[in-house]
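All ligand and atom numbering here is 1-based and tracks the order in the structure.
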Amino acid sequence: MRFLQALSFLALWRAASADLLGDIESALEKAVDCASCHTLLTPLQTLAHLGNDDFVDTIVTICETFKLEDSDVCAGAVGEQGPILAHALREISATGQTATKFCDAVFGLCAPPAVNAFSVPFPKAAPAVPRAFASTGKAPFQVVHISDVHIDRSYTTGADANCSKPICCRNFADETGTPTEPAGPNGNSKCDSPIVLADSMLAAVRQFAPEAKFTLFTGDVVEGAIWLVNKTEVTGDLEAFNAQMASELHTAVYPVVGNHDSAPVNSFPRNTTDTTIDSQWVFDTQSAGWEQFVGSAAASQVDHISGSYSAVVEGMNLRIISVNTQYWYKQNFWLYDSDTQQPDPNGLLAFVVQELQAAEDAGQRAFIIGHMPMGKQDALNDQSNYYDQIVQRYKNTIAAQFFGHSHKDQFEIAYSNYSDQTASTATSIALVAPALTPTSGNPAFKIYDVDPDTFEIMDSRVYFTNITAPNFQSSTPQWKLLYSARATYGPLVTPALAASAPLDPAFWHNLTEVFAADASAFALFNTLLSRGGDVGACDADCQAAAVCDLRAMRAENNCDKPKPGLSFKRADSRRSVGESDTCEGTGIAHIFKNLVNMNGFGDHFKHVRRSERMPRSVLE
Ligand SMILES: *[C@@H]1O[C@H](CO)[C@@H](O)[C@H](O)[C@H]1NC(C)=O
Ligand SMILES: *[C@@H]1O[C@H](CO)[C@@H](O)[C@H](O)[C@H]1NC(C)=O
Ligand SMILES: *[C@@H]1O[C@H](CO)[C@@H](O)[C@H](O)[C@H]1NC(C)=O
Ligand SMILES: *[C@@H]1O[C@H](CO)[C@@H](O)[C@H](O)[C@H]1NC(C)=O
Ligand SMILES: *[C@@H]1O[C@H](CO)[C@@H](O)[C@H](O)[C@H]1NC(C)=O
Ligand SMILES: *[C@@H]1O[C@H](CO)[C@@H](O)[C@H](O)[C@H]1NC(C)=O
């Protein structure tokens, strides 16, 4: 009897699920804009209510049927991130603003909604007379900035660098043929970093900055095999790189948590979310691993403040505030599980305010460090706006900000008035470090010269190793200076940068004026972006968009806004220098975006060729 009941239930369920599958496929086919994306959410919600397993199985089937990725990538990426999306879909209305944000993040089919007005509370008004930080002309000290190491501890010399996965140079179970392009020992542009490449960079840091006071590491330890990552591997990777930095660097280190430094990738639930998938283990691991660098008080903050901390540099009037930007990150899908807008997930905006107020009260200057720069389209517009309010309030205290994530050598300027962008309204500068991983250009890091009185940046030098140099694989990678920002850009602005002047927000603004007006100066910037390693063509429109983005520390002001309808076709999703990437790598959103990107290809819908898929993003 029970068996029969179970059988008929199963038959019913199968019938319902066949209908549901049809509904989803037809809604996917029609999903071309924001309204049709909202429509698509209804059958997806029905699927999510059947449970995480049904949700994952169905999406994996769709991913495999349309050959969006290899089977193992479909199964792994959807298996890991699918339950987070299913959780969100079960909690929200298909028609509300959170659903619009979901359609932006997951499908790229909605533009971000207008910013929800919110005034960040400040304990005190800005002082009427800001404290003056004057240089006495002392010799600058050095600070190192490394980022996005993405070390693949399963990198295998001789494995195929030409593969069908998001990253190669590993022995994948389903790749049994003879390698067409055997990986060299030191790295490849289709693979994340071998350990020896990281070793060679840390040795170059010792060589080129022997007297450096400290190193900023702006996150992303873990490789991009996001369909395979798990807690065990990520914990091991984080511990191994902490040990590598401790043994091979001669300086203090101030690290941050990156979006890849968790499993599933990008997974950082709010502290009020009821889930078994938490990320406290990331904070526990880094609290233990970073104590040797940042001290016990800051290490305790890492544990209790979602991976963030603040520390005063020994013997300096400088506070470093390290913030876990993943709670402001569009691809952290835990942020879409409530129709009530939550301005400050886990209280991290309040934490930054508290630490900046402490710095202001103590007469200190501050460096803010984080993984994701706040001006790109993968920063949530709401939180980017609120963050900008903090930057404006404490502009006199913040000497500079440091990020990674884009893998590119970039900067972002904040303005007191984004409608009036001039040297005199430029209030803060964020410097973005290039990546070690060779997937988006030549491996690189930066060394800054910093004024010991003002903590302003006097120079920024990029060092790199050339992965296409003929001897790259035959010896330890050789590193050398690529350029000095002061020497290269200082003479370009009018008037030319004075010998004692810092590279301050006004200077960077004036440089964007040069980039906007002078095609050859812009072409130089465009080449340096990837350290000459992955230079994209950039026409006049792209140049204008790139300049616009350099002037947008506030995400609502960047020029990456998705256009409705046709703009979601493949041609528009290709990355170029002028626009940030529209996909986050090969996660589930990448898969969903490819699915809707196929719409309008008509007959092609069921015959997808690999070449029609979105390129791998560098937004890692
Ligand atoms: C890469 O592999 C594909 C097939 O797997 C092959 O067609 C192509 O020629 C290879 N490319 C190189 C550069 O060896
Ligand atoms: C975690 O990932 C590693 C590396 O891919 C794998 O060897 C291990 O079996 C995985 N562990 C679990 C519990 O899945
Ligand atoms: C949880 O988040 C709230 C803000 O949403 C914050 O006030 C609180 O301190 C956080 N608690 C922990 C333990 O992180
Ligand atoms: C910002 O600049 C615009 C354009 O110059 C101007 O109209 C506006 O009044 C300015 N806003 C503030 C608050 O100064
Ligand atoms: C890297 O090496 C290649 C091959 O020698 C050369 O063409 C290229 O200009 C080098 N790149 C840089 C940035 O020096
Ligand atoms: C920026 O340019 C303006 C004029 O265009 C000039 O007055 C100012 O001194 C420049 N500032 C810096 C820091 O170069």
For ligand 5, which atoms, with element, lie under 4.0 Å from some heavy atom of Thr468? 1 (C), 2 (O), 3 (C), 4 (C)

Sidechain N-carboxylate O distance under 4.0 Å for Arg486, Asp449: no

Can we say the SG-SG distance for Cys191 and Cys168 is below 2.5 Å? no

Is it the case that atom CD in Glu211 sees more than 12 heavy atoms from other parts of the structure closer than 6.0 Å? no

Show which atoms of ligand 5 fall inside a sub-4.0 Å distance from at least one heavy-atom site of Pro470. 5 (O)

Answer yes when Lys190 and Glu181 have at least one side-chain N-carboxylate O distance shorter than 4.0 Å, and no when they do not. yes

State whether the shortest distance between N or O atoms of Asn442 and N or O atoms of ligand 5 falls below 3.5 angstrom. no

When His371 is tested against each of Asp220, Asn324, Thr218 for side chain to side chain donor-acceptor pair (under 3.5 Å), which residue passes? Asp220

Numbered atoms and elements of ligand 5 in range of Asn466, under 4.0 angstrom, heavy atoms: 1 (C), 2 (O), 3 (C), 8 (C), 10 (C), 11 (N), 12 (C), 14 (O)

If you measure from the Lys or Arg side-chain nitrogens to the Asp or Glu carboxylate oxygens, is any gap between Asp160 and Arg170 under 4.0 Å? no

Salt bridge or not between Arg461 and Asp459? Use side-chain N to carboxylate O under 4.0 Å. yes

In terms of side-chain geometry, is the basic nitrogen of Lys165 or Asp70 positioned less than 4.0 Å from the acidic oxygen of its partner? yes

With His405, the side chain to side chain donor-acceptor pair (under 3.5 Å) member among Asp148, Asp378, Thr325: Asp378

Under 3.5 Å, N/O to N/O: give me all the pairs between ligand 1 and the protein, one per line with atom names and distance.
residue	atom	partner	partner atom	Å
ligand 1	2 (O)	Asn162	ND2	2.3
ligand 1	11 (N)	Asn162	ND2	2.8

Proximal atoms of ligand 2 relative to Asn230 (non-hydrogen, under 4.0 Å): 1 (C), 2 (O), 3 (C), 8 (C), 10 (C), 11 (N), 12 (C), 14 (O)

Any atoms of ligand 5 less than 4.0 Å from a non-hydrogen atom of Arg531? List them with their elements. 13 (C)

